[in-house]
Asks: 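Encoded as structure tokens, here's the structure I'll be asking about.
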Amino acid sequence: MNKCKRCLLNELAGKEDIYAHVQKTRELLSDNERASDSLYNKRLDVCRECDSLLEATCLKCGCYVEIRALKIDAKCPVKRW
Ligand code: SF4
């Protein structure tokens, strides 16, 4: 099976359940906790260009980046965002 180097969960076949979990988690965060849409998307754009992204997972911390980027005070483990 080919690995999708630059994919996020919302694009990976067979990961729909996990992506639904991301969306649910995002909805459960309060406005004070949740990164804005623009901040969230900006973070994910950085991840897409990062060599440490593999199949939606950050190889530096082991997190799905779409989950890691959810909270406003979240940080990239190597300070890229
Ligand atoms: S969280 Fe940071 S290190 Fe991990 S994939 Fe995103 S930019 Fe790269």
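Just follow the structure's listing: the first ligand is 1, and inside any ligand the first atom is 1.
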Asks: What's the shortest heavy-atom distance between I72 and N32, and which atoms?
Replies: CG2-O, 3.5 Å
Asks: At a 4.0 Å threshold, what atoms of ligand 1 neighbour a non-hydrogen atom of C50?
Replies: 3 (S), 5 (S), 7 (S), 8 (Fe)
Asks: Looking at every non-hydrogen atom in both residues, tell me the closest pair between R43 and A69 and how far apart they are.
Replies: NH1-O, 2.8 Å
Asks: Find out if a path of hydrophobic residues (ILVMFWY) with successive side-chain heavy-atom gaps under 4.5 Å connects L8 to W81.
Replies: no
Asks: State whether D51 and R6 are salt-bridged, where the test is any N-O pair (Lys NZ or Arg NE/NH1/NH2 against Asp/Glu carboxylate O) under 4.0 Å.
Replies: yes
Asks: Counting each atom of ligand 1 from 1 as listed, which ones have a heavy atom of K60 under 4.0 Å away?
Replies: 3 (S)
Asks: Specify whether an N/O/S atom of C76 falls short of 2.8 Å from atom 2 (Fe) of ligand 1.
Replies: yes
Asks: Taking 2.8 Å as the cut-off, does C47 contribute an N, O or S atom near atom 8 (Fe) of ligand 1, distance below it?
Replies: no
Asks: Determine the sole option in V65, D17, I18 for which the side chain to side chain contact (heavy atoms under 4.5 Å, CB included) test with L9 is passed.
Replies: I18
Asks: With R26 as the cation and Y40 as the aromatic partner, state whether NZ or CZ is under 6.0 Å from the six-membered ring centre and within 45° of the axis.
Replies: yes
Asks: V78 heavy atoms, cut-off 4.0 Å: which ligand 1 atoms fall inside?
Replies: 3 (S)
Asks: Can you pull out the closest protein heavy atom to atom 1 (S) of ligand 1? Residue, atom name and distance to 0.1 Å, please.
Replies: P77 CD, 3.7 Å
Asks: What are the atoms of ligand 1, with element, lying closer than 4.0 Å to any heavy atom of C58?
Replies: 1 (S), 3 (S), 4 (Fe), 5 (S)
